[in-house]
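Side-chain atoms are counted along with the backbone in the values below, which use heavy atoms only and exclude waters and symmetry mates.
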Amino acid sequence: MPPTHAQTSDSDTAAGSQFYEVRSYVLGEKGDEKTVDHYLENALLPALNRQGIQTVGAFAPSPNDTTGVNAIFVVIPYDSLDQIATVRDSLASDSDYQTAAKPYLDRAPNNPPYERIRSELLSSMACWPELKVADGSLSNADRVYELRLYESPNERVGDLKVEMFNNGEVPIFLDCGITPIFIGQCLLGPQMPNLTYLTLYPSEEARQESWKAFRVHPDWKVLSKNTRYAGTVNRIDKFVLSPKPYSQM
């Protein structure tokens with residue numbers, strides 16, 4: 001399924017050129033957000049940076065999120081699948097990480113700082129082959145994000161939803177002020193098959209206006225009525241997120 005997005009310069013290498021872990025620290029009712037924040041800010045993110053992973057996102061549900069989820073979302077980009085194991089093994093021998101992570105790692109087994117950790121692993125797609133953080137966006141304190149997961153009823157139609165993105169959906173996003181950070185097809189995770197993406201907006205008002213524009217965009221009206229893509233999504237999870245102060249996205 002060849003991509004048509006104008007920003008894709010090499011269709012042979014674009015898809016799968018990066019991988020993304022979307023990790024959720026589900027706090028639940030008894031979680032200790034401050035401990036997890038301290039661990040992420042002072043231990044995990046610096047350790048990942050030392051290993052060459054320079055752009056790690058950390059987010060929490062914004063006041064406008066309606067899911068009721070109490071979690072911290074972390075996005076970790078990888079250049080290869082091998083890098084995932086390398087990063088994990090390196091943490092064990094990183095003395096700076098071990099020292100900074102001690103308050104988190106030394107919690108008693110019956111007093112964990114979170115309810116559970118959930119992760120999914122994504123492969124980049126031809127329509128947006130590399131993670132991009134818009135220039136100057138980190139200085140905007142009003143910025144908000146959306147993390148969306150489009151779950152499909154089976155693998156065949158899940159691949160069709162990927163094709164739909166590759167063949168026209170992203171240019172409509174850009175026309176409407178919906179700025180992708182990453183777009184990926186799920187390789188492993190608790191909700192499969194799915195397509196997951198993170199988008200950025202300068203403000204909550206801009207987010208709402210962008211999606212209003214998307215729904216009435218003439219190209220979307222044509223694409224959404226294409227019978228080839230009927231029934232490709234049977235569940236959408238949408239999280240409206242605010243960046244943590246230490247987020248690198």
Identify whether the distance between the nearest side-chain nitrogen and carboxylate oxygen of Asp65 and Lys238 falls below 4.0 Å. no

Aromatic ring centroids of Phe73 and Phe239 under 6.0 Å? yes

Is there a donor-acceptor contact under 3.5 Å from the side chain of Ser123 to the main chain of Gln185? no

Within a strict 4.5 Å, meaning less than it, do heavy atoms of the Val240 and Tyr201 side chains meet? no

Who pairs with Asp94 by side-chain hydrogen bond (donor to acceptor under 3.5 Å, both in side chains), at least two apart in sequence or on another chain? Arg50

Does Gln248 form a side chain to side chain donor-acceptor pair (under 3.5 Å) with Asn49? I'd like the steps, not just the answer. CA-CA 10 Å; Gln248 298 166 354; Asn49 293 164; 2.8 Å; yes

One pair to check against side chain to side chain donor-acceptor pair (under 3.5 Å): Ser95 and Tyr97. What are the steps and the verdict? CA-CA 5 Å; Ser95 59; Tyr97 165 81; over 6 Å; no

Find the distance between OH (Tyr114) and CG (Asp32) and round it off to the nearest 0.5 Å. 12.5 Å

Single-linkage hydrophobic cluster Val144~Leu138, side-chain heavy atoms < 4.5 angstrom: no

Just by modelled atom types, is the Asn64 backbone N or O under 3.5 Å from a matching donor or acceptor in the Ser62 side chain? yes

For the residue pair Phe165 and Phe173, does the interplanar ring angle fall in the parallel (under 30°), tilted (30 to 60°) or perpendicular (over 60°) class? perpendicular

Between Thr196 and Arg148, does any side-chain donor sit less than 3.5 Å from a side-chain acceptor? no

Could you point out which residue of Val56, Leu48, Ile72 forms a side-chain contact (heavy atoms from CB on, under 4.5 Å) with Leu40? Ile72

Flag the pair Glu151 and Lys161 as a salt bridge only when some basic side-chain nitrogen lies within less than 4.0 angstrom of an acidic carboxylate oxygen. no

Salt bridge check, Glu33 against Lys244: does any charged N sit closer than 4.0 Å to a carboxylate O? yes

Nearest 0.5 Å please: distance from the OG atom of Ser203 over to the CD atom of Glu209. 9.0 Å

Tell me whether Ser247 contacts the main-chain N or O of Met249 through its side chain, where contact means a donor paired with an acceptor under 3.5 Å. yes

Is the closest side-chain donor-acceptor distance between Gln18 and Tyr78 under 3.5 Å? no

Tell me whether the centres of the aromatic rings in Tyr39 and Tyr104 are closer together than 6.0 Å. yes

Determine yes or no for a side-chain-to-main-chain donor-acceptor pair under 3.5 angstrom, with Asp96 supplying the side chain and Thr99 the backbone. no

Pair Arg23 + Glu120: basic N to acidic O under 4.0 Å: no

Would you call Lys221 and Asp219 a salt bridge, using N to O less than 4.0 angstrom? no

Looking at CG of Leu195 and CG of Leu160, how far apart are the two atoms once the value is rounded to the nearest 0.5 Å? 12.0 Å

Are Glu115 and Lys30 within salt-bridge range, i.e. N to O under 4.0 Å? no

Could you give the distance from CD1 (Ile183) to OG (Ser124), rounded to the nearest 0.5 Å? 10.0 Å

Working to the nearest 0.5 Å, report the span between SG of Cys127 and CD of Glu163. 12.0 Å

Looking at Asp89 and Thr86, would you say the former's side chain and the latter's main chain have a donor-acceptor pair under 3.5 Å? no

Does one hydrophobic cluster hold both Val170 and Trp220, with members joined at side-chain heavy-atom distances below 4.5 Å? yes

Of Ile178, Ile181, Leu241, Asn140, which is the lone residue that meets side-chain contact (heavy atoms from CB on, under 4.5 Å) with Leu200? Ile181

Give, for atom CD of Glu169 and atom CH2 of Trp128, the distance between the pair rounded to the nearest 0.5 Å. 13.5 Å

Would one find more than 12 heavy atoms of other residues, nucleotides or ligands at under 6.0 Å from atom CD of Gln98? yes

Would the number of heavy atoms belonging to other residues, nucleotides or ligands and lying under 6.0 Å from NE2 of His217 be above 12? yes

Using links of under 4.5 Å between side-chain heavy atoms of ILVMFWY residues, direct or through other members, which residues join Leu149 in one cluster? none

For Asp135, does the CG atom have more than 12 heavy-atom neighbours from other residues, nucleotides or ligands under 6.0 Å away? no

Tyr246/Asp37 under side chain to side chain donor-acceptor pair (under 3.5 Å): CA gap, chis, key distance, verdict: CA-CA 9 Å; Tyr246 51 88; Asp37 276 333; 2.6 Å; yes

